[in-house]
Amino acid sequence: MRMAAVFVLATSTIGHRLGVIPRPLAVIGYAAGLVLLFAGPAFPWSELLFPAWSVLISVHLLRVRMRARPEPADVV
């Protein structure tokens, strides 16, 4: 769980600094990372934070990708 916490914190920081992840998702990532880091073994539900965060980031990236898809050019 600690490795997952470090991954979430690092990915949130890098994604936010590159502009790929908006600030609210980065804050959610920081909160999830801190919970995973400090309260992981004490609360069984905390094991679901990493998969939930992964799904949240994946859905965001897919939505951004679908919006940015260019229109097909007319072939003349």
Side-chain angles (χ1 to χ4, degrees):
M1 295 312 296
R2 288 186 178 153
M3 287 175 33
V6 171
F7 178 78
V8 169
L9 291 169
T11 305
S12 295
T13 301
I14 293 170
H16 180 63
R17 288 191 182 178
L18 290 176
V20 178
I21 299 173
R23 183 180 298 269
L25 283 181
V27 170
I28 291 171
Y30 295 144
L34 290 174
V35 169
L36 287 171
L37 190 62
F38 294 114
F43 301 106
W45 56 264
S46 68
E47 294 177 0
L48 296 174
L49 281 177
F50 180 67
W53 177 83
S54 299
V55 168
L56 189 64
I57 293 296
S58 298
V59 167
H60 169 71
L61 293 176
L62 287 172
R63 286 182 58 203
V64 168
R65 172 87 173 151
M66 295 301 265
R67 260 189 270 147
R69 181 170 287 174
E71 295 292 325
D74 292 331
V75 178
V76 179

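Everything numeric in this text was worked out from a predicted model, so none of it was measured.
A single hydrophobic cluster is not seen to contain both Val27 and Val64; linkage of ILVMFWY side chains at heavy-atom distances under 4.5 Å, directly or through other members, places them apart. In this structure, Met1 is not a member of the same hydrophobic cluster as Leu48, with clusters built from ILVMFWY side-chain heavy atoms closer than 4.5 Å.
When all heavy atoms of Trp53 and Gly29 are compared, the pair lying nearest together is NE1-CA, 3.4 Å. Scanning both residues, Gly33 and Ala5, for their nearest heavy atoms gives O-CB, 3.4 Å.
Applying the side chain to side chain contact (heavy atoms under 4.5 Å, CB included) criterion to Leu34, with sequence neighbours excluded, gives Phe38.
Summarising the geometry, atom CD1 belonging to Ile28 is positioned 8.0 Å from atom CD1 belonging to Ile57; distances are rounded to the nearest 0.5 Å. The distance from the CG atom of Leu37 to the CZ atom of Arg2 is 6.5 Å, given to the nearest 0.5 Å.
Taking Ile, Leu, Val, Met, Phe, Trp and Tyr as members and joining any whose side-chain heavy atoms lie under 4.5 Å apart, directly or through other members, the hydrophobic cluster of Val55 also contains Val59. Clustering of Ile, Leu, Val, Met, Phe, Trp and Tyr side chains at separations under 4.5 Å leaves Val6 isolated, with no partner residue.
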Report all side-chain donor-acceptor pairs from residues 9-19 shorter than 3.5 Å, counting only partners two or more places apart or in another chain.
residue : atom : partner : partner atom : Å
Thr11   : OG1  : Phe7    : O            : 2.7
Ser12   : OG   : Val8    : O            : 2.8
Thr13   : OG1  : Leu9    : O            : 2.9
Thr13   : OG1  : Tyr30   : OH           : 3.3
His16   : ND1  : Ile21   : O            : 3.4

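Pairs of residues two or more places apart, or lying in two chains, never qualify as side chain to side chain donor-acceptor pair (under 3.5 Å) while including a residue from residues 18-28.
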